[in-house]
Amino acid sequence: MMSTPAEIISEVKTDLLHASISLKKEENERNQKEDSERLLKARRAIEAYLEEKRLNQAISDGWDE
């Protein structure tokens, strides 16, 4: 049995909607991953800065004594 033009259009609309939802989901997942990577990089930079600050303070304390 052949589909009517209205049925075909409805199927195409449904397929487009599903494709749009899938693309949006992929975009959201990619954005979350990028955000997590940026946050981790920032955390590591802060930790490195604090460690360098502690080391500089320890070295400075050692020279003063």
Side-chain angles (χ1 to χ4, degrees):
M1 182 174 149
M2 283 189 68
S3 298
T4 66
E7 291 171 333
I8 293 171
I9 290 173
S10 179
E11 287 178 24
V12 170
K13 284 181 178 180
T14 301
D15 290 345
L16 286 172
L17 178 62
H18 289 155
S20 174
I21 291 168
S22 179
L23 286 173
K24 193 66 171 171
K25 183 179 176 188
E26 286 178 21
E27 181 183 4
N28 287 341
E29 288 171 355
R30 186 175 57 249
N31 288 342
Q32 284 180 346
K33 182 181 177 188
E34 289 171 357
D35 289 347
S36 294
E37 289 171 353
R38 270 194 301 275
L39 185 60
L40 180 60
K41 188 175 179 180
R43 235 185 244 141
R44 286 182 177 160
I46 291 168
E47 289 171 0
Y49 168 77
L50 292 174
E51 181 64 20
E52 184 178 351
K53 193 174 171 184
R54 280 191 292 271
L55 287 172
N56 286 335
Q57 187 62 47
I59 291 168
S60 174
D61 290 345
W63 286 107
D64 292 344
E65 292 178 355

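Taking CG from L16 and CG from L23, the interatomic distance works out to 10.5 Å, rounded to the nearest 0.5 Å. Note: M2 CE to E7 CD = 10.5 Å, rounded to the nearest 0.5 Å.
Looking only at distances, a side-chain donor or acceptor of T14 sits under 3.5 Å from a matching main-chain atom of S10.
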Which atom pairs, donor and acceptor, lie under 3.5 Å between side-chain atoms of residues 33-40 and protein residues at least two apart or in another chain?
from: D35; atom 1: OD1; to: R38; atom 2: NH2; distance (Å): 2.3
from: S36; atom 1: OG; to: Q32; atom 2: O; distance (Å): 3.0

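Hydrophobic clustering (side-chain heavy atoms under 4.5 Å, transitive across Ile, Leu, Val, Met, Phe, Trp, Tyr) keeps I9 apart from V12.
The local environment of CZ in R54 is crowded, with over 12 non-hydrogen atoms from other residues, nucleotides or ligands closer than 6.0 Å.
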